[in-house]
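Here is the structure we will look at.
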Number of protein chains: 2
Amino acid sequence: MSTATLLPLTVKDAAACCAPLAREPLGAEQAEDLARSLKAIADPARLRLVSLIAASEGQGACVCDLTDLLDLGQPTVSHHLKVLMDAGFLTRSKRGTWAYYALVPGSLDALSRLLVTT
Amino acid sequence: MSTATLLPLTVKDAAACCAPLAREPLGAEQAEDLARSLKAIADPARLRLVSLIAASEGQGACVCDLTDLLDLGQPTVSHHLKVLMDAGFLTRSKRGTWAYYALVPGSLDALSRLLVTT
DNA sequence: AGTCGATATTGACAGCCGTCGATATACCGG
DNA sequence: CCGGTATATCGACGGCTGTCAATATCGACT
């Protein structure tokens with residue numbers, strides 16, 4: 001049953017575990033893994049962050065930009081970015097004082113494939 | 001900006017509102033709508049319910065079956081089913097004493113399309 | 001060294017959410 | 001009409017979560 005790891009549990013793990021949601025009933029553990037991934041993006045602020053970062057591909061987006069685009073304090077934005085990283089949707093690369101976040105390629109698509117019914 | 005309704009706010013509404021997440025940054029309201037839909041399925045019990053119901057297409061699934069498949073009390077299952085209905089993923093049809101739930105066709109796919117980056 | 005600017009971490013707090021037990025509602029068979 | 005069965009609703013409780021203010025960390029520049 002998938003990786004059974006204690007630590008990372010990224011989107012890829014959850015996506016690798018099972019067939020498209022509607023294909024066959026998923027077990028308890030698979031459901032928890034998938035739910036964890038979905039919970040990570042099921043938040044307005046985090047959806048906007050992912051969206052903004054995806055749209056600014058090439059350079060990645062630095063936290064300073066994101067902070068004033070959303071209407072949230074800097075610690076809160078930092079927190080959301082961490083959640084998205086831990087879930088395997090984003091990567092961070094520090095360049096000087098700034099931190100640039102980028103989408104993990106295929107992470108969203110992996111999730112998307114699990115939901116499709118066709 | 002989509003429908004701007006107060007009441008139903010189904011998956012279709014959220015899906016109709018905007019381009020695929022990664023296409024262009026989404027606004028605050030769109031993010032809230034989409035997050036509401038995602039939150040509805042971002043739960044282990046509800047994922048299993050959707051999965052079970054999807055797999056039992058043809059007749060739909062009655063609550064009694066679902067209740068002992070999941071390891072949850074009947075009121076809890078009923079609650080989750082209501083959440084999924086309000087979000088527009090399921091429909092209920094009472095036949096006699098029993099209630100049969102079925103997937104709203106295309107509801108999962110609508111969500112899936114919003115996540116895809118290709 | 002010392003300051004400043006950018007980001008991360010911590011601690012606290014309010015509000016939401018999943019779960020349950022108890023109860024209500026509705027339907028069927030005698 | 002009455003008991004039984006299936007489902008929904010209600011109220012309560014514990015735990016999780018999003019947010020912020022305060023603080024820590026780290027890098028750059030002088």
Side-chain angles (χ1 to χ4, degrees), chain A residues 9 28-29 31-53 56 59-87 89-102, chain B residues 9 28-29 31-53 56 59-87 89-102:
Chain A
L9 192 55
E29 300 183 13
E32 291 226 28
D33 293 353
L34 182 48
R36 230 184 308 266
S37 294
L38 282 169
K39 272 179 201 289
I41 49 168
D43 175 274
R46 293 198 283 271
L47 281 171
R48 296 191 71 189
L49 283 173
V50 167
S51 178
L52 285 165
I53 291 171
S56 75
Q59 280 303 320
C62 95
V63 181
C64 53
D65 299 336
L66 301 171
T67 302
D68 26 86
L69 281 177
L70 306 206
D71 208 17
L72 293 173
Q74 173 266 320
T76 304
V77 171
S78 216
H79 162 69
H80 285 309
L81 290 169
K82 177 172 172 46
V83 171
L84 289 169
M85 272 199 49
D86 292 347
F89 289 103
L90 298 183
T91 55
R92 172 175 58 197
S93 64
K94 293 208 71 171
R95 229 175 302 165
T97 313
W98 293 272
Y100 289 85
Y101 285 84
Chain B
L9 191 56
E29 300 183 14
E32 292 228 25
D33 294 352
L34 182 48
R36 229 184 308 265
S37 294
L38 283 170
K39 272 180 203 289
I41 48 168
D43 176 274
R46 292 198 284 270
L47 281 171
R48 296 190 72 189
L49 283 172
V50 167
S51 177
L52 285 166
I53 292 171
S56 76
Q59 280 304 321
C62 95
V63 181
C64 52
D65 298 336
L66 301 171
T67 301
D68 26 85
L69 281 177
L70 306 204
D71 208 17
L72 293 173
Q74 174 267 321
T76 304
V77 171
S78 217
H79 162 69
H80 286 309
L81 290 169
K82 178 173 171 45
V83 171
L84 288 169
M85 272 199 51
D86 292 346
F89 289 102
L90 298 183
T91 56
R92 172 177 56 197
S93 65
K94 294 207 71 170
R95 231 174 301 164
T97 313
W98 295 272
Y100 288 85
Y101 285 84

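Chain letters run A, B, ... following the sequence lines, proteins first, then strands; residues in each count from 1.
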Shortest non-hydrogen pair, Ser56(A) vs Ala61(A), comes out as OG-CB, 3.6 Å
Got Leu49(B) and Leu90(B) here, is their nearest side-chain heavy-atom distance under 4.5 Å?
no
Lys39(B) side chain to Ala42(A) main-chain N or O, any donor-acceptor pair under 3.5 Å?
yes
Which is true for Arg95(A) with a 4.0 Å heavy-atom rule: it touches a base, it touches only sugar-phosphate, or it touches nothing?
nothing
How long is the gap from CZ on Arg48(A) to CG on Leu69(A), to the nearest 0.5 Å?
7.5 Å
Between Pro44(B) and Ala31(A), what is the shortest heavy-atom contact and its length?
O-CB, 3.6 Å
Over all strands shown, is Lys94(A) touching base, sugar-phosphate only, or nothing at heavy-atom distances under 4.0 angstrom?
nothing
From the 5' end of DNA chain D to its 3' end, which nucleotides mark the outer limits of contact with chain A, defined by a 4.0 Å heavy-atom distance cut-off (strictly under)?
dG18(D) to dA28(D)
Please list, one pair per line, the donor and acceptor atoms closer than 3.5 Å that link side chains of residues 70-81 of chain B to other protein atoms, with sequence neighbours excluded.
| unit_1 | atom_1 | unit_2 | atom_2 | d |
| --- | --- | --- | --- | --- |
| His80(B) | ND1 | Arg46(B) | NH1 | 3.0 |

Strand contacts (DNA chain D) in residues 63-70 of chain A, 4.0 angstrom heavy-atom criterion
none
Taking the side chain as every heavy atom from C-beta outward, state whether Leu47(B) and Leu38(A) have any atom pair closer than 4.5 Å.
yes
Between SG on residue Cys62(B) and OH on residue Tyr100(B), distance to nearest 0.5 Å
5.0 Å
Short side-chain to backbone donor-acceptor contact, Thr67(B) and Val63(B), under 3.5 Å
yes
Contact list for DNA chain C against residues 41-53 of chain B - heavy-atom distance below 4.0 Å
Asp43(B), Arg46(B)
Decide side-chain contact (heavy atoms from CB on, under 4.5 Å) for Met85(B) and Tyr101(B); before the verdict, give the C-alpha distance in whole Å, the side-chain angles of both, and the deciding distance to 0.1 Å.
CA-CA 9 Å; Met85(B) 272 199 51; Tyr101(B) 285 84; 3.7 Å; yes
Euclidean distance, atom NZ of residue Lys39(B) to atom C1' of dG15(C) [Å, nearest integer]
12 Å
Whole angstrom is fine here: how far is it from CH2 in Trp98(A) over to C1' in dA8(C)?
17 Å
Nucleotide dC17(C), atom C1' - distance to CZ of Arg36(A) in whole Å
17 Å
Contact check, side chains of Leu66(B) and Ile53(B), non-hydrogen atoms, under 4.5 Å:
yes
Residues two or more places apart in sequence or in another chain: which of them pass salt bridge (Lys or Arg N to Asp or Glu O under 4.0 Å) with Lys82(A)?
Asp86(A)
Could you pull out the protein-nucleic contacts involving nucleotides 20-23 of chain C (nitrogen or oxygen on both sides, under 3.5 Å)?
| unit_1 | atom_1 | unit_2 | atom_2 | d |
| --- | --- | --- | --- | --- |
| dC20(C) | OP2 | Gly73(B) | N | 3.0 |
| dC20(C) | OP2 | Thr76(B) | OG1 | 3.0 |

Tyr101(B) near the nucleic acid: base, sugar-phosphate alone, or nothing, with a heavy-atom cut-off under 4.0 Å?
sugar-phosphate
Which atom of Ser37(B) lies closest to which atom of Phe89(B), heavy atoms considered
O-CE1, 3.7 Å
